[in-house]
Number of protein chains: 2
Amino acid sequence: MTTRDRILDAAETLFAQDGYAGVSVRQIMSQAGADVSLAYYHFKSKRDLFDQVMLRRAEHLNDIRLKALEAVEKRHPDDAPTVEEIIGAFTNPLLDLLAADHEEWKHYFRLVAQINNSPEWGGELMTRYFDPLVRRFIGALRKALPDCSDEDLYWSYHFLSGALTLTFAETGRIDNLSSGVCRSSDMASINERMPTFLAAGFRALAARE
Amino acid sequence: MTTRDRILDAAETLFAQDGYAGVSVRQIMSQAGADVSLAYYHFKSKRDLFDQVMLRRAEHLNDIRLKALEAVEKRHPDDAPTVEEIIGAFTNPLLDLLAADHEEWKHYFRLVAQINNSPEWGGELMTRYFDPLVRRFIGALRKALPDCSDEDLYWSYHFLSGALTLTFAETGRIDNLSSGVCRSSDMASINERMPTFLAAGFRALAARE
DNA sequence: ACTCGATTTCAACGGCCGTTGAATATTAGT
DNA sequence: ACTAATATTCAACGGCCGTTGAAATCGAGT
């Protein structure tokens with residue numbers, strides 16, 4: 001593995017744990033096992049390093065989410081896919097990635113959760129990295145719910161986004177709350193519940209008219 | 001207003017914007033218009049100041065949420081309240097507080113959203129400040145959905161928590177995504193959609209059995 | 001007027017921060 | 001073997017960090 005990648009990995013892990021401001025370049029380079037100044041040879045600045053961390057996996061994630069959506073649509077040449085299928089194409093790739101390279105993606109999802117909920121970064125960064133794909137998904141949902149207004153669609157997606165990012169942040173909150181009955185890391189439980197829960201929400205808003 | 005309160009207000013605003021690590025005690029005291037060392041006269045440490053910021057409004061919020069739930073239950077002496085009513089008792093107080101003292105609570109909700117999604121703080125802090133009340137609400141939901149397993153109840157609440165905190169974080173994300181069709185700050189739109197969306201999710205999980 | 005505690009100011013501590021420039025080592029092409 | 005680009009090391013810069021102790025000010029009770 002190249003040094004640049006080791007730096008990105010270390011930065012990803014630490015940023016995910018303590019946030020952008022909570023981590024120093026020195027800590028990152030220490031965990032990467034390289035000299036501090038190498039950070040500024042491979043990246044323009046701390047902020048640039050952070051952006052590259054975000055970008056690296058965002059592209060891959062967008063790719064496989066898009067493919068999952070296209071696969072669902074191919075299975076429905078005539079009619080529209082169900083809301084559950086579309087939401088599944090949005091969430092299942094996360095589960096697949098975790099199953100394949102658990103540690104790597106776990107940190108990334110934690111990072112995205114914090115970004116999404118930060119007023120400083122959330123608005124702009126999520127838009128920059130994920131908006132085209134999200135618009136594509138909302139387009140598919142619009143076809144599945146033809147009576148649903150755009151306003152309802154956007155708000156429904158917003159609720160989905162909050163539930164999704166918190167769930168994949170694996171903060172351990174639900175473990176404490178449920179006294180161990182539920183575990184943050186139990187992806188099977190999430191898989192069988194989240195799409196059902198969210199699809200019902202979408203339908204309930206669409207049905208209000 | 002006492003100096004201690006001015007420090008808490010400044011800390012709340014800045015922590016909500018840039019997170020715990022992103023703000024220095026000097027910045028806080030500068031915004032509060034007081035000398036740096038006064039922070040350490042009124043509080044034990046930066047971390048203690050942070051805890052007091054969290055605690056101050058958590059108590060008030062828990063109070064009025066509990067009263068809202070009790071009011072709902074009083075309206076149903078024989079049968080159980082509906083899921084919508086219970087969720088409304090959980091979310092409406094946030095809207096009321098924003099309507100009454102907008103700036104003050106806006107910053108606090110932003111802060112809570114970041115805490116909730118942080119692996120470093122989320123698990124423990126949310127548990128410490130909000131768990132007793134949340135357990136009370138889940139108890140009410142259990143009565144409204146007698147066929148719902150505890151596991152489903154906890155996961156449903158978890159999805160609710162993610163949607164709720166992101167929504168009240170007002171990051172501007174939905175403004176960008178919807179190209180202005182929806183606005184983060186549009187509390188009327190949230191009020192007429194969120195309880196419906198979430199209650200449908202609860203019901204969908206309960207109905208799987 | 002005087003005291004005594006609560007509050008505020010002032011100056012400073014060691015330490016880590018992001019970043020840089022120059023010197024050195026490594027690698028690939030000729 | 002020489003060169004030229006790429007990669008890495010070393011030492012340092014000014015600046016801000018959290019925190020502290022001692023001195024000054026203020027305010028209420030006598």
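- Side chain of B:Y41, nearest nucleotide from C:dA6, D:dT8, C:dT19: C:dA6.
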Identify the pairs formed between an N or O of the protein and an N or O of nucleotides 12-17 of chain C at a distance under 3.5 Å, and give each distance.
residue : atom : partner : partner atom : Å
C:dC17  : OP1  : A:S24   : OG           : 2.6

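- Note on B:S37: a base of the nucleic acid sits closer than 4.0 angstrom, heavy atoms only.
- Residues A:W105 and A:L94 fail the side-chain proximity criterion, which asks for heavy atoms closer than 4.5 Å.
- The shortest side-chain heavy-atom distance between A:S156 and B:F197 falls under the 4.5 Å cut-off.
- Look at CG on A:L14: it is 12 Å from P on C:dG18, rounded to the nearest Å.
- Comparing D:dT9, C:dT19, D:dT20 by their nearest atom to the side chain of B:Y40 picks out D:dT20.
- Seen from the ring of B:F168, B:R110 does not count as a face-on cation partner, given the 6.0 Å and 45° thresholds.
- Figure legend: A:K46 and A:Y40 shown without cation-pi pairing, the cationic atom not lying both under 6.0 angstrom from the six-membered ring centre and within 45 degrees of its axis.
- OP1 or OP2 of C:dT8 has at least one side-chain nitrogen or oxygen of B:H42 nearer than 4.0 Å.
- Between A:D35 atom CG and C:dT26 atom P there is a gap of 15 Å when expressed in whole angstrom units.
- Each salt bridge (charged side-chain N to carboxylate O under 4.0 Å, His left out) pair with one or both residues in residues 155-173 of chain B, not counting sequence neighbours, appears once here: A:D131-B:R173.
- Contact between the side-chain N/O atoms of A:S45 and the OP1/OP2 oxygens of C:dG18 is not found at any separation under 4.0 Å.
- Spacing between atom CE of A:M29 and atom P of C:dT19 amounts to 13 Å, rounded to whole angstrom units.
- In this structure, the CG atom of B:D5 is 12 Å from the P atom of C:dT7, given to the nearest Å.
- Taking atom CG of B:L38 as the reference point, atom P of D:dA23 lies 18 Å away to the nearest angstrom.
- Atoms OH and CD1, from A:Y157 and A:I138 in turn, are 7.0 Å apart once rounded to the nearest 0.5 Å.
- In this entry the distance linking CZ of B:R4 with C1' of C:dT8 reads 16 Å, nearest Å.
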